[in-house]
Amino acid sequence: QVPLVESGGGLVQPGGSLRLSCGASGGTLEHYVIGWTRQAPGKEREGVSCISKSDGSTYYVDSVKGRFTISRDNAKNTVYLQMNSLKPEDTAVYYCASLTISCRIWTTLKWNEAFGSWGQGTQVTVSS
């Protein structure tokens, strides 16, 4: 696992977009499975998305399918989470991590946060 840092959060109106970034100060992200989770006030952490290291397969929780896109830019050693059509219920702190298991297995384990070393997070607030 490699320590990661999230950035790109902020305040956006409903229907707007944000792009979150996940970077590493050491290590090469293309060698890792990368996952995103989020935690809203008073709620449990939930898995959001994952990108595999082998073939770039992507996975999304149902609530964000069609609105969020996870991608890699290996030249910049960064993983992005593009978030479109944002809703107030997307308000949360978003975290990324390198995972110790594959995306496919992570989703079958209900996106359990125990399989990643999570950063400090970046706040996303969707409000008018």
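Atom-to-atom distance recorded for Ser21:OG and Leu18:CG is 10.5 Å, nearest 0.5 angstrom. The distance from the OG atom of Ser49 to the CE atom of Met83 is 11.0 Å, given to the nearest 0.5 Å. For the atom pair CD (Glu30) and CG (Asn74), the distance works out to 4.0 Å, reported to the nearest 0.5 Å. We find the NZ-OH distance between Lys65 and Tyr59 to be 11.0 Å, quoted to the nearest 0.5 Å. To the nearest 0.5 Å, the span separating OG1 on Thr122 from CD on Gln120 amounts to 11.5 Å.
Of the residues Trp118, Tyr94, Trp111, the one that meets the side chain to side chain contact (heavy atoms under 4.5 Å, CB included) test with Thr37 is Trp118.
Using a cutoff of 4.0 Å between basic side-chain nitrogens and carboxylate oxygens, Asp90 and Lys87 are not scored as salt-bridged. Between Glu46 and Arg38 there is a salt bridge, with a side-chain nitrogen of the basic residue lying less than 4.0 Å from a carboxylate oxygen of the acidic one.
For Asp55, the side chain to side chain donor-acceptor pair (under 3.5 Å) partners two or more places apart in sequence, or in a different chain, are Ser52, Ser57. Under the salt bridge (Lys or Arg N to Asp or Glu O under 4.0 Å) criterion, Arg19 pairs with no residue at all, not counting sequence neighbours. By the salt bridge (Lys or Arg N to Asp or Glu O under 4.0 Å) test, Lys43 pairs with no residue at all, sequence neighbours left out. With sequence neighbours excluded, the residues that form a side-chain contact (heavy atoms from CB on, under 4.5 Å) with Phe115 are Thr100, Ile101, Trp106, Leu109, Asn112. Applying the side chain to side chain donor-acceptor pair (under 3.5 Å) criterion to Arg104, with sequence neighbours excluded, gives no partner residue.
Applying the disulfide (SG to SG under 2.5 Å) definition to pairs two or more places apart or across chains, those involving residues 78-128 are Cys22-Cys96, Cys50-Cys103.
Looking at Arg45, its side chain never comes within 3.5 Å of a backbone N or O of Ala40 through a donor-acceptor pair.
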